[in-house]
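Input: a single structure, listed below in structure tokens.
Quick note on labels: first sequence line is chain A, next is B, and so on, each numbered from 1.
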Protein chains: 2
Amino acid sequence: MTRTTLKSGLVAAALLAALPVIESAPVKAQPIDDDALIKYASSFFSPIPTEPPEIEGNPLTPEKIELGKMLFFEPRLSASQILSCNSCHNLAMGGDDNQETSIGHGWQAGPRNSPTVFNAVFNVAQFWDGRAADLKEQAKGPIQASVEMNNDPERVIATLRSMPEYVELFKRAFPDDKDPISFDNVTRAIEAFEATLITPNAPFDRYLQGDKDALTEQQKRGLQTFINAGCVACHYGVNLGGQQYFPFGVVERPGAEILPRDDKGRFEVTKTATDEYVFRAVPLRNVALTPPYFHSGKVWDLKQAVAIMGVAQLGRELSDSEIDDIVAFLWSLNGEKPRVELPQLPPRTQETPLPLVDTLPQAQQTASIKR
Amino acid sequence: MTRTTLKSGLVAAALLAALPVIESAPVKAQPIDDDALIKYASSFFSPIPTEPPEIEGNPLTPEKIELGKMLFFEPRLSASQILSCNSCHNLAMGGDDNQETSIGHGWQAGPRNSPTVFNAVFNVAQFWDGRAADLKEQAKGPIQASVEMNNDPERVIATLRSMPEYVELFKRAFPDDKDPISFDNVTRAIEAFEATLITPNAPFDRYLQGDKDALTEQQKRGLQTFINAGCVACHYGVNLGGQQYFPFGVVERPGAEILPRDDKGRFEVTKTATDEYVFRAVPLRNVALTPPYFHSGKVWDLKQAVAIMGVAQLGRELSDSEIDDIVAFLWSLNGEKPRVELPQLPPRTQETPLPLVDTLPQAQQTASIKR
């Protein structure tokens, strides 16, 4: 499913890039011909499936998914035993934290805006710079990052091994493993749970599937503009993004207040000069729920974000009505969020490592607080 | 229900205190006479009811409970928009955070250990010093405390009013109010949800209700010892505690490493000399799930906590086997936790106040982190 989508999306994008006059695309005319627009849109996009995709090398089983859910909500994966995956990828919100950049261990601000975990399984790679090939590899990052969970694999394993209930649950989730509690298996279970965090049946998906009333007239105009103005060149596929890497500033690099010059994006991964300020195109599913925007998290208003994209990536100032239409369309990308029952985490034992909270000395604390 | 339990508990405690020789209580003999023990225990304790209790002046409605659940998980009640009630009263764990003292705004450590929210509705008053009469009043504290959520009522109201979904939900939860979004109603809704956070059907409750196999022999011995050694003088009623105030150190005041001398407990509330180092007796429901122990959170081992209580409150060193039996009994107080589906919080709008995170300057951050 994912692969097909990706491939057809790539072909569509290449096709679009090859078109000399995007503005003259056939669906521009009023009134909107739904059949034509649905057909045209379906060459770029596909609906979120209603079932989780298969993960190569990590078969989804109910036992693994349930364990992954526990680990997703498990603050004892962090050194402080305060922060869990859900702290920054809040499933009660848009799968993120609505923060400029996430706040982690010691109240440190991370370097980049936290992306949503919803539908992340459909992205070609994880993180803003794509440095993790999949969700399994991704999960290893925040657990160890000193500005996030600040833990290390040894303490994670010691923590989980100290609780008999986890020992049993890992055995059940990884029945063929001699030593089921491993850091790899921790992230395999988290990946399995995260693969279930998909949001199907968005109005846009229902429209793609033929329900002509699923979008408002304004949203349909927005969809047309989104395609015809060229947004679709980067934001295509099942996730409307998340498939390829592009410079932030294809045409014009935004100011440092939005694109801080010390974060060179994918260059840090590839060390290739052409990858300076290159990022993975943001997946736009549920984007209306996940302000603030861009890797820097500097823009809170979706309209402003769209306007900035127009100038930076398309080299033109979108009109107010075009922006309004696109934003209305983006709201149609909010899908049905999974119902998640809070897991019950096992009680700690005397063998469980104590939290390493690293609080500041009192004087420093007081000085740092405004009120 | 609560009131009756409280009254009979008080009478039982008074009765017990009046008994000159506690050790000679009739159920001490082996083998255990279950009928007699159940009858005797029932004069001190009562089971957690299976339905939430009624709250005077705050009728529980499904609309109010559902809104309260959203607010309980709502990080935007905090100034940083990172911390929610659930951060320190984690429903995936024992209704607390398993921290010495909670970590709040700016990674500040709070002054006292976070009590469990489970069954808190049955306590005579809230906080370690009982300074809040009920859960409604309690909820006003952490939202405003600078070391916790660091917010103020005006910003809370502005935040909730900025989201049309909350405006509608408050109307439904408080249909007779002219101005439903008020700080009082925020805490009324939270109280209504918290009243549902009860954990019935613990093995001990099933035993009280006549299921003689619900406790192990060791747990029954532990129950006998708990009563006969005098623990029950403070820890009685439906919550095995939470009903009355007692000095920490009825007989012998613990060392400053466990009872820090600058926290004078209820004295801060009443300014009465006899209330120095007086605290509300800890409710013992689910106590095995909520280390570390005491208001200072200095003791991680439940056995050690029981031993300290023996010396401090009863004036005697409990034997190892007595301690083991009591701890086994305390594990029988773990009830069935409520199943909680994560709420879906409404998206912010352009009118929603921005988070006030107050991160430290980078240099200070780095200095404060060990690795």
Distance-minimising heavy-atom pair for B:Pro75 and A:Asn90: CG-ND2, 4.0 Å
Qualifying salt bridge (charged side-chain N to carboxylate O under 4.0 Å, His left out) pairs, either residue in residues 282-294 of chain B, two or more places apart: B:Asp205-B:Arg285
Flag if over 12 foreign heavy atoms under 6.0 Å of NZ, A:Lys140: yes
4.5 Å side-chain heavy-atom contact, B:Ile103 and A:Val357: yes
Residue B:Thr352 versus chain A: region with a heavy atom under 4.5 Å: neither
B:Gln344 versus A:Met93, closest heavy-atom pair with distance: OE1-O, 4.1 Å
Shortest non-hydrogen contact from B:Asp301 toward A:Gln350: CA-NE2, 3.3 Å
Under 3.5 Å donor-acceptor pairs involving side-chain atoms of residues 288-297 of chain B, not counting sequence neighbours:
residue  : atom : partner  : partner atom : Å
B:Thr290 : OG1  : B:Val287 : O            : 3.1
B:Tyr293 : OH   : B:Val287 : O            : 2.7
B:Ser296 : OG   : B:Ile258 : O            : 2.6

Residues in residues 328-340 of chain A that sit under 4.5 Å from chain B, counting heavy atoms only: A:Trp331, A:Lys337, A:Pro338, A:Arg339, A:Val340
B:Leu83 versus chain A, the contacting section by heavy-atom distance below 4.5 Å: side chain
Check: B:Phe73 and A:Leu91 side chains under 4.5 Å, non-hydrogen atoms: no
Salt bridge (charged side-chain N to carboxylate O under 4.0 Å, His left out) partners of residues 100-112 of chain A, not counting sequence neighbours, each pair once: A:Glu100-A:Lys298, A:Arg112-A:Asp129, A:Arg112-A:Asp263
Close side-chain approach of A:Asn98 to B:Arg348, heavy-atom, < 4.5 Å: yes
Non-hydrogen side-chain atoms of B:Leu342 and A:Leu342 separated by less than 4.5 Å: yes
Side chain, backbone, both or neither of A:Ser84 within contact of chain B (heavy atoms, under 4.5 Å): neither
Shortest non-hydrogen contact from B:Trp107 toward A:Gly106: CE2-N, 3.2 Å
Minimum-distance pair of heavy atoms, taken over all atoms of B:Trp300 and A:Pro355: CH2-CD, 3.5 Å
